[in-house]
Amino acid sequence: MNDISIVNREMTSEEIKRMNLGFDELSLEEGLEIESSDRFSFVALKGNTFIGCSSGLAYKNGGKYSGWFFLTDLFVEKEYRSKGLGTKLLKSLEEQTVSIGVKHIWLWTSGYKALKFYQRQEYKKFTEMENWYSDGSSRVGLRKNL
């Protein structure tokens, strides 16, 4: 162990590949199929102009999706907010995830307006990390059974 050094630097692309392969090897050693994910997305357009989106990751081991979907993005341009577009984008994603066998969805959010929006959509808080952001606000984990 005396000949091992710990270096503070970014990993190279080859080191990242080796790390990921190592995680796959560990999964196989533990009798698990290798995990992968598929991104599902919906885009709202006015004409050809992007005005919003919903997107996230469905994880699977081998060919079977897990029971959970991670909502990574829900965005609506400011002038189109509070008109139901966010709800339509979210519902579209929820319906697609149900169609592939996913039973639960989860996400991270912050801010009073976003939290209230998700609560209206029947999302429940499962964790809160206080003082996550530099302004002292929390990062909130929400989930919903589909």
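This chain uses plain numbering: 1 for the first residue, then up along the sequence.
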Legend entry - S41 side chain vs S55 backbone, donor-acceptor pair below 3.5 Å: no

Inset, instruction - Check for a donor-acceptor pair, side chain of S27 on one end and backbone N or O of F23 on the other, with a separation under 3.5 Å. - result: yes

Inset, instruction - Assert yes or no for the condition that the ring centre distance of W106 to F70 is strictly below 6.0 Å. - result: yes

Measure the [atom1]-[atom2] distance between [X] and [Y] for me, rounded to the nearest 0.5 Å.
{"X": "K103", "Y": "W68", "atom1": "NZ", "atom2": "CH2", "result": "12.5 Å"}
{"X": "F69", "Y": "T97", "atom1": "CZ", "atom2": "OG1", "result": "6.0 Å"}
{"X": "E25", "Y": "I34", "atom1": "CD", "atom2": "CD1", "result": "8.5 Å"}
{"X": "E122", "Y": "I105", "atom1": "CD", "atom2": "CD1", "result": "12.5 Å"}
{"X": "L90", "Y": "L107", "atom1": "CG", "atom2": "CG", "result": "8.0 Å"}
{"X": "L71", "Y": "T109", "atom1": "CG", "atom2": "OG1", "result": "9.0 Å"}

Hey, are the side chains of [X] and [Y] touching, using non-hydrogen atoms and a 4.5 Å cut-off?
{"X": "Q119", "Y": "K125", "value": "no"}
{"X": "E94", "Y": "V98", "value": "no"}
{"X": "I51", "Y": "V76", "value": "no"}
{"X": "Y112", "Y": "F117", "value": "no"}
{"X": "Y118", "Y": "L74", "value": "yes"}

Exercise: identify the closest heavy-atom pair between [X] and [Y]:
{"X": "S54", "Y": "L89", "value": "OG-O, 2.9 Å"}
{"X": "G67", "Y": "V102", "value": "O-CG1, 3.5 Å"}
{"X": "G136", "Y": "N131", "value": "O-OD1, 3.1 Å"}

Inset, instruction - Take S138 and E130, measure what side chain to side chain donor-acceptor pair (under 3.5 Å) needs, and give me the verdict at the end. - result: CA-CA 4 Å; S138 297; E130 300 86 1; 5.7 Å; no

Take atom [atom1] of [X] as the centre, draw a 6.0 Å sphere, and report whether it contains more than 12 heavy atoms from other residues, nucleotides or ligands.
{"X": "F126", "atom1": "CZ", "value": "yes"}
{"X": "K113", "atom1": "NZ", "value": "no"}
{"X": "Y133", "atom1": "OH", "value": "yes"}

Inset, instruction - Any chance you could lay out the side chain to side chain donor-acceptor pair (under 3.5 Å) test for D38 and Y59, step after step, and finish with the verdict? - result: CA-CA 7 Å; D38 291 327; Y59 291 92; over 6 Å; no

Legend entry - Verdict with reasoning, H104 to R143, per side chain to side chain contact (heavy atoms under 4.5 Å, CB included): CA-CA 7 Å; H104 313 281; R143 62 179 279 174; 4.2 Å; yes

Inset, instruction - State plainly whether the residues K60 and E33 are in salt-bridge range, i.e. N to O under 4.0 Å. - result: no

Inset, instruction - For the pair E14 and K17, find out whether any cationic side-chain nitrogen is under 4.0 Å from an anionic carboxylate oxygen. - result: yes

Inset, instruction - Look at the side-chain heavy atoms of Ile, Leu, Val, Met, Phe, Trp and Tyr, link any pair under 4.5 Å apart, and say whether V43 and F75 land in one connected group. - result: yes

Legend entry - Same apolar cluster: F42 and I100, side chain cutoff 4.5 Å: yes

Inset, instruction - Show your reasoning for whether side chain to side chain contact (heavy atoms under 4.5 Å, CB included) applies to L115 and Y123. - result: CA-CA 9 Å; L115 187 57; Y123 284 74; over 6 Å; no

Legend entry - Contacts of R39 that satisfy salt bridge (charged side-chain N to carboxylate O under 4.0 Å, His left out) - sequence neighbours left out: D73

Legend entry - Where at least one partner belongs to residues 75-90, residue pairs that pass side chain to side chain donor-acceptor pair (under 3.5 Å), sequence neighbours excluded: T87-Q121

Inset, instruction - Applying side chain to side chain contact (heavy atoms under 4.5 Å, CB included), run through W108 and M129 and close with a yes or a no. - result: CA-CA 10 Å; W108 291 113; M129 292 183 276; 3.2 Å; yes

